[in-house]
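Keep in mind that this is a model prediction, so the values were computed, not measured. Letters go in sequence order (proteins before strands), and every chain restarts at 1.
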Amino acid sequence: MTETETGSVPSKIERIWQVCQLIPEGRVVSYGQLADLAGLPGRARLAGTALKSTPKELTLPWHRVITASGKLAFAPGSEQFELQQLRLRQEGVLVNNGRVKMREFAWQPDLAELLWQLPY
DNA sequence: AACGTGACGGAAT
DNA sequence: AATTCCGCCACGT
């Protein structure tokens, strides 16, 4: 726990958590988009790091985040892969061979609306 | 403080 | 369409 995490200014990872929280049901975003929306262009990997380190008291719709090519990031058949696929399907997202058509399901947020919702 | 790792991405092959 | 390569940089050891 660092200073910035306890203070009022959210750390980079906390901003990623915040934006993740805004992804609507039935839509997906790529790690890169998530980073962009959090004000961290080019930091797709950090988005992955952030989700990986989500504290368990915090429940995020992490299953709505997939790779830019539309694939689930987990190994096919793994525990997490199956869970993510199940959750996505439960909210109407079509997943075929571990892949989602970004053309159809990508979240396209209105930036003005997004800024309005962020708590800072 | 140095070093390897990785829930990524995009360009090249 | 599938792989390989390499830039990116926060984290844990």
Under 3.5 Å, which protein N or O atoms sit close to an N or O of nucleotides 9-13 of chain B? Give each pair with its distance.
unit_1: B:dG9; atom_1: OP1; unit_2: A:Tyr31; atom_2: N; d: 3.4
unit_1: B:dG9; atom_1: OP1; unit_2: A:Gly32; atom_2: N; d: 2.7
unit_1: B:dG9; atom_1: OP2; unit_2: A:Ala68; atom_2: N; d: 2.8

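Side-chain contact of A:Glu91 with A:His63: a donor-acceptor pair under 3.5 Å is present, judged by distance alone.
For A:Met102 and B:dC8, the CE to C1' distance is 12 Å, given to the nearest whole Å. Computed from coordinates, the A:Ile16 CD1 to B:dG6 C1' distance equals 14 Å when rounded to whole Å. As a whole-Å value, the separation of A:Trp62 CH2 from B:dC8 C1' is 17 Å. Note: CD1 (A:Ile13) to P (B:dC8) measures 14 Å, nearest angstrom. The interatomic distance linking A:Leu46 (CG) with B:dT5 (C1') rounds to 14 Å, in whole Å. Rounded to whole Å, atom P of C:dC11 lies 9 Å from atom NZ of A:Lys12. One interatomic measurement links the two molecules: CZ of A:Arg99 to C1' of C:dA1, which rounds to 9 Å at whole-angstrom precision. Whole-Å rounding puts the A:Asp36 CG to C:dC8 P distance at 16 Å.
Within residues 47-55 of chain A, the residues having any heavy atom closer than 4.0 Å to DNA chain B are, in order of number, A:Gly48, A:Leu51, A:Lys52.
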- request: Before giving the answer on side-chain contact (heavy atoms from CB on, under 4.5 Å), spell out for A:Arg45 and A:Tyr31 the whole-Å C-alpha distance, their side-chain angles and the decisive distance to 0.1 Å.
  value: CA-CA 7 Å; A:Arg45 277 189 111 133; A:Tyr31 293 91; over 6 Å; no

query: Taking it one step at a time, do A:Val28 and A:Met102 satisfy side-chain contact (heavy atoms from CB on, under 4.5 Å)?
result: CA-CA 8 Å; A:Val28 297; A:Met102 294 303 273; 3.8 Å; yes

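Hydrophobic clustering keeps A:Leu86 apart from A:Leu51 (ILVMFWY residues linked when any side-chain heavy atoms are closer than 4.5 Å, directly or through intermediates). Tracing side-chain contacts under 4.5 Å through hydrophobic residues (I, L, V, M, F, W, Y), one reaches A:Leu83 starting from A:Val65; they form part of the same cluster.
The shortest distance between side-chain heavy atoms of A:Thr54 and A:Trp62 does not fall below 4.5 Å. A:Ser53 places a side-chain heavy atom less than 4.5 Å from the side chain of A:Ile13. Using a 4.5 Å cut-off on side-chain heavy atoms (C-beta onward), A:Arg64 and A:Glu25 make contact.
Of all non-hydrogen atoms in A:Pro61 and A:Cys20, the two that sit nearest each other are CG-O, 3.3 Å.
Mapping A:Arg43 and A:Lys71 onto DNA chain C by nearest heavy atom places A:Lys71 at the nucleotide closer to the 5' end.
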